[in-house]
Amino acid sequence: MASFSLGLSLSRKKNVLRNAAVERKNLLTVCRLSVKTLIDRSCFETIDDSAPEFVNFASILEQVLSHRLKGQITWFGYESPRSFWDYIRVACSKVSHSCICSIENMENVSSSRAKGRAWIRVALMEKRLSEYIIAALRDYKTTRRFYDDGAIVLGEEANMLAGMLLGLNAIDFSFCLKGEGLDGNYPAVIDYTPYLKFTQSSDSISSDEEELRTLGSSGSESSTPENIGPPFIMDENSWYNKCKRVEQKYRLALEQKCYLEELVRLREAHFSESVSQNKLLLQRIEDIELNHKLEKEQLEYIIVELQDQLTVLKNNDLRARQELTNHLTNQWPSPGDVEFNAVALDTLRYQKHSERWDEKRFHSLGPLSADASLSQISFDPGQSQDGNGKQGGSHLSEGKEDTPSLLGLCGSLTSVASYKSLTSLKSSEYLASPTTDMTSPGLTPSWT
């Protein structure tokens, strides 16, 4: 039972594959025949919307591009039918100077199927139908996204289709994009009757003649050789048809030759124009490189000059700093000079004070005390000297008052405050000269 079901499934699969292959083959064959009929018809008149050959070709091409086209998944998860225009609109969007945007913006065409039919007509009038198909087939990811496996556009037959449509570029089409042919409410139907005419071969005709002769000789006696006329007439018609087909092929080949020559001429013109543009671009690149080199050299020269100026400014700044430091240093006297001036000033003030004190004491003492002191000094010189020194020192220590000259010695002679006090004292009436003879302030004055 299992083997029977397996064999049944295999046979069904083979039938499905065969049906798909037959369907692709039929569509491609009919498409090729429709292209040939269009080319034959174009030799006698212009192809427009009313030509049955074009109507049939448009239906066939629509069926080919819609073969195994995936449906569109709606929001509810259902699959709705889709037109081939959705695929063409995405796959051919990168074609230069394409008519996709123009068809998308058409006011009288609203449905997707009608836009696809308008695109076929516009592409035929532009003589770029094969170019659009080739560009769409190159976008393999988009093609896989829109079509199921087994589609014509996914197989090797797609290249054959593009080659078939290339011959239509030699035909001048004239269509009206507002006619009834753009109605997208009805699907396209292919008419197979123009391609189902049977043409009898010469061998078949001869065999029919032999059969008729045999039937005529074995039948009634009234049969004469004159009754064998129609086969010869059929033979003449067959030769006439063959000559007509050869003539049509010759015309088609001639038209294709003219088209290819025109195409080659245009390609040569484009090539020469591209060569001239390439030369201009190369010249422009050389000029840009030369300008870049000159600008680079100028910038290097400017950088070197700026570096030199920066070095000069640094040296000037360093020199100015040194001069400012020397100026500030020379503005202040050295600590030795400050100490010397302070000692001289204190000594002078001490001498002045001692003279005043001696004068007051001299006026207050009488002559007796002066004689007594002289006699005492003469009696004991060493003792009197020591005693007088001690007594004078004690009197000095007892009678000395706090004078401003001692305030300068409380701080450092090198400090700013002491220096300021010294400068204020220098301006007073007690300023001493460094060359004046001075005695040590620690020595006791002599009482001579």
Checklist outcome for this item: When rounded to the nearest 0.5 Å, the distance separating OG of S112 from CZ of R89 is 7.5 Å
Item to check | Aromatic plane relationship, F54 with F173 - under 30° parallel, 30 to 60° tilted, over 60° perpendicular | outcome: tilted
Checklist entry - Tell me the ring-ring contact (aromatic ring centres under 6.0 Å, His included) pairs involving residues 134-166, sequence neighbours left out? => result Y87-F146, Y87-Y147
Item to check | L65 and I133: CA distance, side-chain angles, deciding distance, side chain to side chain contact (heavy atoms under 4.5 Å, CB included) verdict | outcome: CA-CA 10 Å; L65 294 176; I133 296 297; 4.1 Å; yes
Checklist entry - Where do S130 and N169 land on the side chain to side chain contact (heavy atoms under 4.5 Å, CB included) test, with the steps shown first? => result CA-CA 8 Å; S130 60; N169 295 338; 3.5 Å; yes
Checklist entry - Is K70 salt-bridged to D86, cutoff N-O under 4.0 Å? => result no
Checklist entry - In Å, rounded to the nearest 0.5 Å, how long is the span from CD1 of I47 to CG of L124? => result 10.5 Å
Next on the checklist: With rounding to the nearest 0.5 angstrom, report the CG to CG distance, L168 to L38.
Outcome noted: 6.0 Å
Checklist entry - So, do R117 and E62 sit near enough that their side-chain heavy atoms are less than 4.5 Å apart? => result yes
Checklist entry - Can you tell me if N56 uses its side chain to pair, donor with acceptor, with the backbone of P52 under 3.5 Å? => result no
Item to check | For E262, all residues meeting salt bridge (Lys or Arg N to Asp or Glu O under 4.0 Å), sequence neighbours excluded | outcome: R265
Checklist entry - Taking only residues at least two apart or on different chains, which pairs with a member in residues 124-134 satisfy salt bridge (Lys or Arg N to Asp or Glu O under 4.0 Å)? => result K127-D172, R128-E131
Checklist entry - If you measure from CG on L129 to CG on L166, what distance do you get to the nearest 0.5 Å? => result 10.0 Å
Next on the checklist: Less than 4.5 Å apart, side chain to side chain, heavy atoms only: is that true for V122 and S102?
Outcome noted: no
Next on the checklist: Could you measure the distance from the NZ atom of K115 to the CD atom of E104? Nearest 0.5 Å is fine.
Outcome noted: 4.0 Å
Checklist entry - Can you name the residues that form a side chain to side chain donor-acceptor pair (under 3.5 Å) with S50, not counting sequence neighbours? => result D48
Checklist outcome for this item: Nearest heavy-atom contact between G167 and I39 is O-CD1, 4.2 Å
Checklist entry - Heavy-atom count around R145 CZ within 6.0 Å, excluding the residue itself: above 12? => result yes
Checklist entry - What heavy-atom pair brings R121 and L177 nearest, and what distance separates the two atoms? => result CB-CD2, 4.0 Å
Next on the checklist: Just to verify, what does F57 make a ring-ring contact (aromatic ring centres under 6.0 Å, His included) with, not counting sequence neighbours?
Outcome noted: none
Item to check | Sidechain-backbone polar pair: D287 side chain, L282 backbone, donor-acceptor under 3.5 Å | outcome: no
Under 3.5 Å, which donor-acceptor pairs do the side chains of residues 91-98 form with other protein atoms, sequence neighbours left out?
unit_1: S93; atom_1: OG; unit_2: V90; atom_2: O; d: 3.0
unit_1: S98; atom_1: OG; unit_2: V95; atom_2: O; d: 3.4

Checklist entry - Could you go step by step and tell me if R32 and Y195 meet the side chain to side chain contact (heavy atoms under 4.5 Å, CB included) rule? => result CA-CA 11 Å; R32 184 171 63 253; Y195 317 113; over 6 Å; no
Checklist outcome for this item: All heavy atoms of T46 vs all of S174, minimum pair found to be CG2-CB, 4.3 Å
Checklist outcome for this item: For residues 250-261, the salt bridge (Lys or Arg N to Asp or Glu O under 4.0 Å) pairs (sequence neighbours left out) are E247-R251, K257-E261
Next on the checklist: I need the E53 CD to I171 CD1 distance, nearest 0.5 Å.
Outcome noted: 10.5 Å
Checklist entry - Are side-chain heavy atoms of Q63 and I190 found at a separation under 4.5 Å? => result yes
Checklist entry - Any side-chain heavy atom of F175 sitting closer than 4.5 Å to one from I120? => result no
Checklist entry - How far apart are the C-alpha atoms of I103 and W85, what are their side-chain angles, what is the distance that settles it, and do they pass the side chain to side chain contact (heavy atoms under 4.5 Å, CB included) test? => result CA-CA 10 Å; I103 295 173; W85 167 248; 3.9 Å; yes
Checklist entry - Applying side-chain hydrogen bond (donor to acceptor under 3.5 Å, both in side chains), which residue pairs with at least one partner in residues 292-317 are found, sequence neighbours left out? => result N316-R319, D317-R321
Checklist entry - In chain order, what residues pass the salt bridge (Lys or Arg N to Asp or Glu O under 4.0 Å) check against R18, with sequence neighbours excluded? => result none
Checklist entry - Which atom pair, heavy atoms only, marks the closest approach of D139 to T142? => result OD2-OG1, 2.7 Å
Item to check | Counterpart residues, side chain to side chain donor-acceptor pair (under 3.5 Å), relative to E157 (two or more places apart) | outcome: none
Next on the checklist: Would you say that K141 contacts R144 through its side chain, given a criterion of any heavy-atom pair below 4.5 Å between the two side chains?
Outcome noted: no
Checklist entry - Under 4.5 Å between any side-chain heavy atoms of D148 and L69, yes or no? => result no
Checklist entry - With a 4.5 Å limit on heavy-atom distance, are the side chains of L27 and K25 in contact? => result no
Next on the checklist: Once side chain to side chain donor-acceptor pair (under 3.5 Å) is applied, do any residues pair with N26, and if so which ones, sequence neighbours excluded?
Outcome noted: none
Checklist entry - With sequence neighbours excluded, what pairs up with K36 under the salt bridge (Lys or Arg N to Asp or Glu O under 4.0 Å) test? => result none
Item to check | Short side-chain to backbone donor-acceptor contact, R68 and D149, under 3.5 Å | outcome: yes
Next on the checklist: Restricting to non-hydrogen atoms, name the atom on R113 and the atom on P187 that form the minimum distance, rounded to 0.1 Å.
Outcome noted: NH1-N, 3.2 Å
